[in-house]
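Working notes for the structure below.
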Amino acid sequence: MSNETAAEAREITVVHAPERHRYELHDGDATIGFTIYRRLQPGQDQVVFVHTEVDDAYAGQGLASKLARFALDDVKASGRRILPLCPYIAAFVRKHHEYDDVLDVPAQGEAETEEARWSK
């Protein structure tokens, strides 16, 4: 048997919380990270990712990547397109070309404007 603590033995899960317009990382009942998206217009096929964060206590475990992959795979599977205004999601899709076919490029300055909203 391993010497893992109860916290280490728990599985970190990712869920879609559409009522909150975000995908969430959970450690048991605790939400430890999320990526927020918005839809510009009802019925539009584009999902705009605007902000991603993971609790500092969970840093360095690859959880932001796990969250991003889950969210992007879900959007792609639904037939929608991805607009990455969030710096983390934008960096992720630059390295993972499996999303190129559903990726929309932000207009110049659009990502910086969105990030400024979240930094306040």
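We number each residue from 1, following the sequence as shown.
For Tyr99, there are no ring pair (Phe, Tyr, Trp, His ring centres under 6.0 Å) partners, not counting sequence neighbours. Annotation: side-chain hydrogen bond (donor to acceptor under 3.5 Å, both in side chains) contacts of His21 (sequence neighbours excluded): none. Listed by chain and residue number, nothing satisfies the side-chain hydrogen bond (donor to acceptor under 3.5 Å, both in side chains) test with Gln61 (two or more places apart in sequence, or in another chain).
With a 4.5 Å cut-off on side-chain heavy atoms, Val50 and Cys86 do not count as touching. Proximity of Ile32 to Ile12: side-chain heavy atoms (C-beta onward) are separated by under 4.5 Å at one or more points. At a threshold of 4.5 Å between non-hydrogen side-chain atoms, the residues Arg22 and Thr31 count as touching. Contact annotation: the side chain of Phe34 approaches that of His51 to within less than 4.5 Å [non-hydrogen atoms, C-beta and beyond]. For the pair Tyr58 and Leu25, the minimum side-chain heavy-atom distance is 4.5 Å or more.
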Decide yes or no on side-chain contact (heavy atoms from CB on, under 4.5 Å) for Val93 and Leu72, but give the supporting numbers first.
-> CA-CA 9 Å; Val93 296; Leu72 296 171; 3.7 Å; yes
Can Val75 and Gln46 be said to form a side-chain contact (heavy atoms from CB on, under 4.5 Å), step by step?
-> CA-CA 9 Å; Val75 170; Gln46 191 178 62; over 6 Å; no
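Counting only residues at least two apart or on different chains, the salt bridge (Lys or Arg N to Asp or Glu O under 4.0 Å) pairs with a member in residues 56-69 are Arg69-Glu98. The list of salt bridge (Lys or Arg N to Asp or Glu O under 4.0 Å) pairs with a residue in residues 70-88, not counting sequence neighbours, reads Lys76-Asp101, Arg81-Asp104.
When all heavy atoms of His26 and Glu24 are compared, the closest pair comes out as NE2-OE1, 2.8 Å. When all heavy atoms of Pro106 and Pro84 are compared, the closest pair comes out as CG-O, 3.7 Å.
Going from atom CG of Leu67 over to atom OH of Tyr88 covers 8.0 Å, rounded to the nearest 0.5 Å.
Taking the centre of each ring, Tyr23 and Tyr37 come in below the 6.0 Å mark.
Of the possible donor and acceptor atoms, none in the side chain of Ser65 sits under 3.5 Å from a partner among the backbone N and O of Gly62.
When Leu83, Ile82, Ile36, Ile89 are each tested for a side chain to side chain contact (heavy atoms under 4.5 Å, CB included) with Val48, only one passes: Leu83.
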